[in-house]
Amino acid sequence: MARSVSSIIRKSLAGSAALVAVLVLAACGDKDEPTGQPDGELDGLPPVEATAPGTIGPTLAAVRRRGRLNCGVHEGLVGFAYTDNRGQWRGFDVDFCRAMAAAIFSNPDAVRFVPLTTGQRFEALRQGRVDVVWRNTSWTMDRDVTEDVSFAGTNYYDGQGFMVRRSLNLASATELNGARICVQAESTSQLNLADYFRLRGLEYEPVVVPTEEEARRAYAEERCDAFTADVSALAAARTTLASPEQHAILPDVISKEPLGPIVRRDDPHWTRVVRWTLNALILAEEYGVTRDTVADQAEEARDPRVRRLLGVEGEFGTRLGLSDRWAYQAIAAVGNYGEIFGRNLGSDSALDLARGLNAQWNATPSGLIYGLPIR
C-alpha cells in the first residue's frame, strides 16, 4: 500500500541552522525505496550539459572569425542551387544560405557556396569544409543515427516519383514492369525504388549511375525508359531537356522525403542557430511579414508575435548569440518562406510547382509548413 512520508532535515550552514523540508514519495510495498540513489540502468552515463542563453558555440565563433559562412549546396539543380549566366548562385537552398549570412553578419553576401555531390555532403560536414549543408537531403533514421550529423529542420516536403516520355502513354508507375529505370547510386531513391517494385512483385532493370546529373543525361540519351528521383528534382530535370513538353511526371509518389539543413552533431548551439533562422522565415510568411514590409512592421506592428520576431520586444536573438534583429536581417535580405518558394520553385519560376505539402499549416488547402513559436 502506498503512503506519503515527510521528513525534516536540519543542517548547519556556516554555524546557523537552516530548515529544509523534503517531500519523499514512498514506493508501493513494505519497504521504502532509498532516495538520492541513481537508477542502476543509468549508471555511467555522462551528465547532460546545458548551454546558457547567449553562449556562442564553436561553429558560430569560427564563422565570425572567418567573416563568412561556408554553405554546402547542390552542385547544380535548377530551382534549388545553380549558377546563372553571370556565375551567381541562385535557388531555394541558396536563399536559405544567404538568410543565415544575413542573420549572422547583416550581409547576405557573406557566404561562400561549396558545391557538393550526394556522396560528399556528410563527409564535407565532418571534415569542417562547410558549416551547414542546405542541399536536398532526406531526413531518415539511418542518417540521423549513423552519419554523425543533426538535421535542424525541414524546409521542403518532397516525395519520390517517376518521369517518362509521353510517347509511352503510361498512366501509373505500376505500368513500368520490366522497364529500365535510371537512378542515382547511394541515394534514398535507389532504396525506395527497390522497395516499391519488390512490394508489388514487379520486375525492373536498374540503370545505376554515380550522380543525379548523369542520371538525367542517361535518361535524355534514352538509356532508360524512366528516371526516378524526388518530384522536385524531376521537375528541375525536365526543364533541362530539349523538349520538356514531351515528358511527364507520373502521379505516383512512392515515398516521403522531408528535406532540410544538416549540421555537425557536436555543436547543439549551431543547430539552434540554423533551426531558428529557418523558423523565423516560416513565421514571417504566417504573420504577413515580407521583404518589402519588414522595415515598416518593425516600427509599427502591434502584434506581439511580430514584435518578438523582428526584435522589437524580448532578447531572443541574444539568446542565440546573435543580434536581436537577426530575423529582421534575414527577412530583409531574402523575404519570407513563401517569397523564397515562389521565385525559385513556384509560379514565378520555371518549375511552376504547386505549394502542396509546402503550404502553410493554416492555408487553404493546408500544408505541413509550421513555424515554431518565438516566445
Side-chain angles (χ1 to χ4, degrees), residues 68-69 71 73 78-84 86 88-113 132 134 152-156 259-261 273-314 316-317 320 322-355 358-363 367 369-374:
R68 70 165 188 265
L69 174 73
C71 199
V73 294
V78 175
F80 284 87
Y82 63 100
T83 52
D84 62 19
R86 294 181 299 172
Q88 297 295 312
W89 280 96
R90 305 289 181 198
F92 184 72
D93 290 331
V94 167
D95 277 350
F96 283 102
C97 293
R98 295 193 189 280
M100 285 197 63
I104 297 167
F105 298 108
S106 192
N107 178 7
D109 296 323
V111 55
R112 172 174 172 257
F113 295 100
V132 58
W134 286 91
T154 299
N155 70 327
Y156 190 87
L259 311 180
V273 170
V274 178
R275 175 183 298 126
W276 285 103
T277 301
L278 167 60
N279 272 279
L281 299 175
I282 291 172
L283 287 173
E285 181 186 17
E286 180 180 341
Y287 300 159
V289 181
T290 71
R291 181 159 53 176
D292 291 338
T293 66
V294 64
D296 290 338
Q297 288 181 274
E299 293 183 3
E300 302 169 3
R302 300 179 62 185
D303 186 333
R305 301 172 304 169
V306 174
R307 294 172 66 84
R308 288 193 294 268
L309 172 68
L310 301 183
V312 180
E313 290 184 6
F316 295 96
L320 288 172
L322 302 174
S323 162
D324 285 328
R325 289 168 63 87
W326 109 98
Y328 175 102
Q329 293 161 186
I331 299 162
V334 299
N336 64 39
Y337 179 91
E339 292 176 284
I340 297 171
F341 188 101
R343 67 172 169 265
N344 292 299
L345 307 177
S347 57
D348 297 330
S349 74
L351 273 62
D352 195 21
L353 292 172
R355 287 290 293 265
N358 296 292
Q360 286 274 348
W361 66 281
N362 58 351
I369 295 298
Y370 188 109
L372 305 177
I374 294 176

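The structure displayed is predicted, hence computed values, not measured ones. Hydrogens, waters and symmetry mates play no part in the numbers below; they use all other heavy atoms, side chains included.
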Requested in this report: Could you grab the distance from atom CG of Asn279 to atom CD1 of Ile369, nearest 0.5 Å is fine?
Outcome: 10.0 Å
**Report entry** ring-ring contact (aromatic ring centres under 6.0 Å, His included) involving Phe316 - partner list, sequence neighbours excluded
**Finding:** none
Requested in this report: Could you list the residues that satisfy salt bridge (charged side-chain N to carboxylate O under 4.0 Å, His left out) with Arg275, not counting sequence neighbours?
Outcome: none
**Report entry** Any residue meeting side chain to side chain contact (heavy atoms under 4.5 Å, CB included) with Gln88, in chain and number order, not counting sequence neighbours
**Finding:** Asp84, Arg86, Arg90
Report task. Taking all non-hydrogen atoms of both residues into account, name the closest pair between Gly153 and Pro261 and its distance. Result -> O-CD, 3.5 Å
Report summary line: The side chain to side chain contact (heavy atoms under 4.5 Å, CB included) partners of Ala280 (sequence neighbours excluded) come to Leu309, Trp326, Ala327
Report summary line: Smallest heavy-atom separation, Ala298 atom then Val312 atom, equals O-CG2, 3.2 Å
Query raised in the report: What is the minimum heavy-atom distance between Ala101 and Pro108, and which atoms define it?
Result: CB-O, 3.9 Å
Query raised in the report: Does Tyr156 use its side chain to pair, donor to acceptor, with the backbone of Phe341 at less than 3.5 Å?
Result: no
Report task. Look at the side chain of Glu339 and the backbone N and O of Asn336, then say whether any donor-acceptor pair between them is shorter than 3.5 Å. Result -> yes
**Report entry** Val94 side chain reached by Trp134 side chain, heavy atoms, under 4.5 Å
**Finding:** no
Requested in this report: Output all residues satisfying side-chain hydrogen bond (donor to acceptor under 3.5 Å, both in side chains) with Asp324, sequence neighbours left out; order by chain, then residue number.
Outcome: Thr318
Query - With Ala363 via side chain to side chain contact (heavy atoms under 4.5 Å, CB included) - residues at least two apart - result: Ala359, Gln360
Report summary line: Sorted by chain and residue number, the salt bridge (charged side-chain N to carboxylate O under 4.0 Å, His left out) partners of Glu286 (sequence neighbours excluded) come out as none
Query raised in the report: Any idea which heavy atoms bring Ile331 and Ala284 closest together, and the distance?
Result: CD1-CB, 3.6 Å
Query raised in the report: Is Thr293 reaching over with its side chain to a backbone N or O of Val289, donor-acceptor style, under 3.5 angstrom?
Result: no
Requested in this report: Check ring-ring contact (aromatic ring centres under 6.0 Å, His included) between Tyr328 and all other residues, then give those that pass, not counting sequence neighbours.
Outcome: none
Report task. First locate atom CH2 of Trp89, then atom CZ of Phe113, and finally report the distance between them rounded to the nearest 0.5 Å. Result -> 8.0 Å
Query raised in the report: Between atom OG1 of Thr277 and atom CD1 of Ile282, what is the distance when rounded to the nearest 0.5 Å?
Result: 11.0 Å
Query raised in the report: Looking at CG of Leu372 and CG of Leu283, how far apart are the two atoms once the value is rounded to the nearest 0.5 Å?
Result: 7.5 Å
Query raised in the report: Rounded to the nearest 0.5 Å, how far does CD of Gln329 lie from OG of Ser323?
Result: 4.5 Å
Query raised in the report: Do any pairs count as a side-chain hydrogen bond (donor to acceptor under 3.5 Å, both in side chains) and have a residue in residues 102-113, sequence neighbours left out, and if so which ones?
Result: Arg98-Asp109
Query raised in the report: What are the two closest heavy atoms between Met100 and Val132, and how far apart are they?
Result: SD-CG1, 4.2 Å
Query raised in the report: Pairs in or reaching into residues 301-311: which pass salt bridge (Lys or Arg N to Asp or Glu O under 4.0 Å), with residues at least two apart or in two chains?
Result: Asp303-Arg305, Arg307-Glu313
Report summary line: From the list Leu320, Leu281, Leu322, side chain to side chain contact (heavy atoms under 4.5 Å, CB included) with Trp276 holds only for Leu320
Query - Whether Tyr370 and Trp361 hold their rings parallel, tilted or perpendicular, with breakpoints at 30° and 60° - result: tilted
Query raised in the report: Counting N and O atoms only, with roles assigned by atom type, does the side chain of Gln297 sit under 3.5 Å from a partner on the main chain of Val306, one being a donor and the other an acceptor?
Result: no
Query raised in the report: Where is the tightest heavy-atom contact between Leu69 and Cys97, given as atom of each residue plus distance?
Result: CD2-O, 3.7 Å
Report summary line: Residues at least two apart in sequence or cross-chain that pass salt bridge (charged side-chain N to carboxylate O under 4.0 Å, His left out) with Asp348, listed by chain then number, are none
Query raised in the report: Who passes side chain to side chain contact (heavy atoms under 4.5 Å, CB included) against Asn344, sequence neighbours left out?
Result: Phe92, Asp95, Ile340
